[in-house]
Amino acid sequence: MSAASLNLFQLSFLLSLFSNSNLSVWPGSQGGKEGVAPPTCSRIECPSYDVVHIGNGYEIRRYNSTAWMSTSNIQGISLVEATRTGFLQLFDYIQGKNNYEEKIEMTAPVITQVSPSDGPFCASSFVVSFYVPKANQANPPPAKGLHLQRWEAPYAAVRQFSGFVTDSDVGEEAAALVESLAGTIWSAAIDKSHSSETTKEYIVAQYNSPFEFEERVNEIWLTFEMEEADAI
């Protein structure tokens, strides 16, 4: 990808985060698009994974080891606002505001880890993360206010949905994923991995620029650990 194209994608992704207050003018979400690879990943680097199983309304992936540069916890009641706040920090990071003053290639998705509150008017906790390109994973530039997460080949139950992400959509899509997994071996593994959490944590992955009106792909992830033999 040329520098000009990359800068346009970075700018367009940034604009998409600021356009969420006007989401009612865009097409709504549609769930159940399991098995569709995000088109963005044909243009820029995304984390690699193997599809282990495709179910009704979900798929199970096993990700290869990945590195993510992450914000500190952001407290609030809106995922949209928290993602905007976190992405601004990460955008500065990839533009060279890091200890090495190094610019880094844009990747996808930008993910938001959600630790839901116990009640509708209580603050939730959000961590926004940028997938570190393979070229930088051995020695990612550190930066003030950010920390590195390394994931060692986790499994993820994934539900895809289209449109622009809204706070109301996220809750509905996460609940639909949990419902579609009910009674499966995956649900049992997820419950075991999240047993220490008061409310189950999940991840929202966003891939597209605001200029893509068709085949938009967002995802809900429930990550979990599982013995490889049990996943066959």
Donor-acceptor contact below 3.5 Å, side chain S193 vs main chain I190 = no

ask   = Is the side chain of N136 donor-acceptor paired with the backbone N or O of I104 at a distance under 3.5 Å, no angle test?
value = no

key: Test side chain to side chain donor-acceptor pair (under 3.5 Å) applied to Q137 - qualifying residues, sequence neighbours left out   = Y131

inquiry  = Restricting to side chain to side chain donor-acceptor pair (under 3.5 Å), what partner residues turn up for D191, sequence neighbours left out?
reply    = K200

ask   = Crowded around E179 CD? As in, over 12 foreign heavy atoms under 6.0 Å?
value = no

task = Look at atom CD of E101 and say whether more than 12 heavy atoms of other residues, nucleotides or ligands are closer to it than 6.0 Å.
result = no

Supply the atom-to-atom distance [X] [atom1] to [Y] [atom2], rounded to the nearest 0.5 angstrom.
X	Y	atom1	atom2	value
T166	L79	OG1	CG	9.5 Å
I203	I220	CD1	CD1	10.0 Å
N98	Y93	CG	OH	5.5 Å
R159	N218	CZ	CG	12.0 Å
M226	W186	CE	CH2	5.0 Å
K192	S187	NZ	OG	13.5 Å

Considering all heavy atoms of both residues, which atom of [X] and which atom of [Y] are nearest to each other, and what is their separation?
X	Y	value
D167	V80	OD1-N, 3.0 Å
A138	R150	O-NH2, 4.0 Å
S117	C122	OG-O, 3.1 Å

Can you list everything that forms a side-chain contact (heavy atoms from CB on, under 4.5 Å) with [X]? Sequence neighbours excluded, please.
X	result
T199	P116, D118
Q149	W68, S70, Q113, V127, S129, H147, W151
P142	N99, Y100
A205	P109, I111, Y207, E219, W221

message = Can you tell whether the side chains of R61 and E59 come within less than 4.0 Å, N to carboxylate O?
response = yes

key: side chain to side chain contact (heavy atoms under 4.5 Å, CB included) between Y63 and Y155, intermediate numbers included   = CA-CA 6 Å; Y63 277 88; Y155 286 88; over 6 Å; no

